[in-house]
Amino acid sequence: MLPQSKPIRPIKPRPRSLLLNLIGSRGNVKMNAANAVRVGALFGISENNVRVTLTRLVSSHLLKIVERGDYQLGEKGQQLAKQVNAWREAESSLCDWQGDWVVATTNGLGKTNRSALRIRQRALHMMGMQQLIHDLYVRPSNFAQGTDFVRTKLLDLGLEPTAPVFRASDFASDLQQKAKTLWDVNALETCYRQGLQELEDSLERLPTLALDEAAKESYLVGDNALQQLVFDPLLPAPLADVALRQQFRNKVREYDEVGERIWFRFLAQ
């Protein structure tokens with residue numbers, strides 16, 4: 001019997017995100033215009049919209065045209081895919097937490113350029129950093145390669161090179177306690193549990209669906225799960241339930257492999 005779960009909502013993804021996610025899901029993936037149009041049609045996106053999107057992605061160097069008119073990630077697209085696909089190895093980069101912090105300060109950076117502010121906040125968010133006090137952001141120092149690793153990742157994500165990034169310890173007790181409560185751990189762990197349930201329900205449902213419906217569902221469910229992983233703060237114990245996070249990540253990996261097989265069959269039709 002199929003689980004009594006809520007059906008997948010018919011969400012129409014943005015053409016830009018849809019194409020970049022599929023082409024950037026694995027190394028050296030190629031997609032021709034005809035298949036791109038088929039993919040768009042699956043989500044109710046018009047052929048004209050898909051073709052215009054392809055042209056714009058090439059112009060912005062997110063995609064490039066290779067032999068036989070196939071589209072592949074361009075230089076900027078490869079950088080973006082690297083950031084997104086970092087979830088696959090993220091868990092192996094962690095170590096036990098000793099109670100110290102990685103700190104980034106933004107007080108010397110500009111505050112008027114909205115684009116720069118948006119990129120800065122996204123970089124801090126993707127590295128799981130939260131604002132402790134004005135212009136000072138922290139995260140637990142639980143990456144095995146230490147502060148240099150976090151600094152490099154922040155710079156790759158767009159944080160300005162002039163922003164100081166360093167390790168700190170010996171916070172005053174009240175500040176240390178405040179730092180430990182910056183993340184909504186209850187909400188985070190609820191997302192893990194709900195994500196696990198959605199993935200398990202979908203894995204049971206996928207074999208019963210027609211190929212096009214299975215492709216559509218696997219994209220929607222998989223993309224939702226990947227978004228959770230991309231912005232996961234990777235908190236250490238005892239701040240968060242590490243075993244639950246690892247269980248969710250393992251299920252996403254399993255689902256990703258199932259989805260890859262479904263999409264291979266869909267695109268090969």
Side-chain angles (χ1 to χ4, degrees), residues 1-3 5-78 80-85 87-88 195 197-230 250-269:
M1 179 181 294
L2 289 177
S5 58
K6 295 180 181 180
I8 303 301
R9 290 177 295 175
I11 303 170
K12 180 188 290 189
R14 294 173 55 208
R16 179 183 186 276
S17 299
L18 176 63
L19 295 173
L20 285 176
N21 287 346
L22 291 175
I23 297 175
S25 61
R26 295 290 191 281
N28 299 317
V29 171
K30 299 176 184 178
M31 183 181 293
N32 58 41
N35 268 337
V37 169
R38 286 184 61 223
V39 168
L42 191 63
F43 294 92
I45 302 169
S46 71
E47 177 178 349
N48 181 66
N49 197 345
V50 170
R51 292 186 181 277
V52 168
T53 300
L54 287 172
T55 299
R56 289 175 176 171
L57 290 173
V58 171
S59 296
S60 59
H61 305 290
L62 288 164
L63 293 182
K64 63 182 178 181
I65 302 176
V66 292
E67 69 274 7
R68 299 181 181 177
D70 289 335
Y71 291 86
Q72 197 172 28
L73 289 179
E75 182 179 352
K76 290 184 178 179
Q78 291 172 12
L80 181 62
K82 181 180 178 181
Q83 295 170 9
V84 172
N85 291 326
W87 69 270
R88 300 180 189 278
Q197 188 64 56
E198 184 175 54
L199 292 167
E200 289 170 352
D201 289 353
S202 184
L203 283 170
E204 187 167 351
R205 194 165 46 236
L206 286 173
T208 72
L209 301 177
L211 182 56
D212 57 344
E213 288 300 315
K216 185 175 182 179
E217 175 165 327
S218 67
Y219 176 85
L220 294 175
V221 174
D223 186 58
N224 183 56
L226 289 178
Q227 286 298 315
Q228 291 186 52
L229 292 187
V230 168
N250 289 337
K251 187 61 65 173
V252 175
R253 191 180 300 276
E254 176 187 351
Y255 194 90
D256 187 56
E257 293 172 354
V258 171
E260 180 185 16
R261 292 194 293 269
I262 290 171
W263 274 93
F264 180 81
R265 289 166 51 210
F266 176 80
L267 293 173
Q269 280 185 329

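Since the structure is predicted, the reported quantities are computational estimates derived from the model, not experimental observations. Worth knowing before you read on, the calculation uses all heavy atoms, side chains too, and leaves out hydrogens, waters and symmetry mates.
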_Closest approach of Val50 to Gly40 (non-hydrogen atoms, all atoms of both residues)_ = CG2-CA, 3.9 Å
*salt bridge (charged side-chain N to carboxylate O under 4.0 Å, His left out) partners for Arg56, two or more places apart*: none
*Taking only residues two or more places apart in sequence, or in another chain, which ones meet Trp263 in a side chain to side chain donor-acceptor pair (under 3.5 Å)?*
Ser218
*Does the side chain of Leu20 come within less than 4.5 Å of Leu63's, by heavy atoms?*
yes
_Selection residues 14-40 - residue pairs positive for ring pair (Phe, Tyr, Trp, His ring centres under 6.0 Å), sequence neighbours left out_ = none
*Heavy-atom check, side chain of Asp201 versus side chain of Glu198, under 4.5 Å*: no
*Can you list the residues that meet the salt bridge (charged side-chain N to carboxylate O under 4.0 Å, His left out) rule with Lys64, with sequence neighbours excluded?*
none
*For Asp223, all residues meeting side chain to side chain donor-acceptor pair (under 3.5 Å), sequence neighbours excluded*: Asn21
*What closest approach, in Å, do Ser202 and Val221 show between heavy atoms, and which atom pair accounts for it?*
OG-CG2, 4.0 Å
*Please list, chain by chain and in numerical order, all residues satisfying ring-ring contact (aromatic ring centres under 6.0 Å, His included) with Tyr219, sequence neighbours excluded.*
Phe43
_For a quick test of reading the model, state the closest non-hydrogen atom pair linking Ala225 to Val252 and the distance between them._
CB-CG2, 3.9 Å
*Who are the side chain to side chain contact (heavy atoms under 4.5 Å, CB included) partners of Ser60, not counting sequence neighbours?*
Leu62
Donor-acceptor pairs under 3.5 Å, side chain of residues 30-38 to any protein atom, not counting sequence neighbours: which ones?
unit_1: Lys30; atom_1: NZ; unit_2: Glu67; atom_2: OE2; d: 2.6
unit_1: Asn32; atom_1: OD1; unit_2: Ala34; atom_2: N; d: 3.2
unit_1: Asn32; atom_1: OD1; unit_2: Asn35; atom_2: N; d: 2.7
unit_1: Asn35; atom_1: OD1; unit_2: Arg38; atom_2: NH1; d: 3.1
unit_1: Asn35; atom_1: ND2; unit_2: Leu267; atom_2: O; d: 3.4
unit_1: Arg38; atom_1: NH1; unit_2: Phe266; atom_2: O; d: 3.0
unit_1: Arg38; atom_1: NH2; unit_2: Phe266; atom_2: O; d: 2.9
unit_1: Arg38; atom_1: NH2; unit_2: Gln269; atom_2: OE1; d: 3.0

*Any chance you could measure His61, atom NE2, to Glu75, atom CD, to the nearest 0.5 Å?*
8.5 Å
_salt bridge (charged side-chain N to carboxylate O under 4.0 Å, His left out) involving Glu213 - partner list, sequence neighbours excluded_ = none
_Please list all pairs meeting salt bridge (charged side-chain N to carboxylate O under 4.0 Å, His left out) that have one or both residues in residues 44-53, counting only residues at least two apart or in different chains._
Glu47-Arg51
*Under a 4.5 Å cut-off applied to non-hydrogen side-chain atoms, are Tyr71 and Leu19 in contact?*
no
*Only counting residues at least two apart or in another chain, list the ones meeting salt bridge (charged side-chain N to carboxylate O under 4.0 Å, His left out) with Arg265.*
none
*Heavy atoms only: give me the nearest Leu206-Ala214 pair and the separation to one decimal.*
CD2-O, 3.6 Å
*Evaluate the criterion side chain to side chain contact (heavy atoms under 4.5 Å, CB included) for residue pair Val84 and Leu226; output intermediate values, then yes/no.*
CA-CA 8 Å; Val84 172; Leu226 289 178; 5.7 Å; no
*asked:* I need the minimum non-hydrogen distance between Gly24 and Asn85, along with the two atoms involved.
replied: O-ND2, 3.0 Å
_Thr208 (side chain) donor-acceptor with Arg205 (main chain) under 3.5 angstrom_ = yes
*Could you tell me whether the side chain of Leu22 reaches within less than 4.5 Å of the side chain of Val29, counting heavy atoms only?*
no
*Scan for salt bridge (charged side-chain N to carboxylate O under 4.0 Å, His left out) pairs involving residues 250-264, sequence neighbours excluded, and state none if there are none.*
Arg26-Asp256, Arg26-Glu260, Arg88-Asp256, Lys251-Glu254
*Is any side-chain heavy atom of Asn49 closer than 4.5 Å to a side-chain heavy atom of Thr53?*
yes
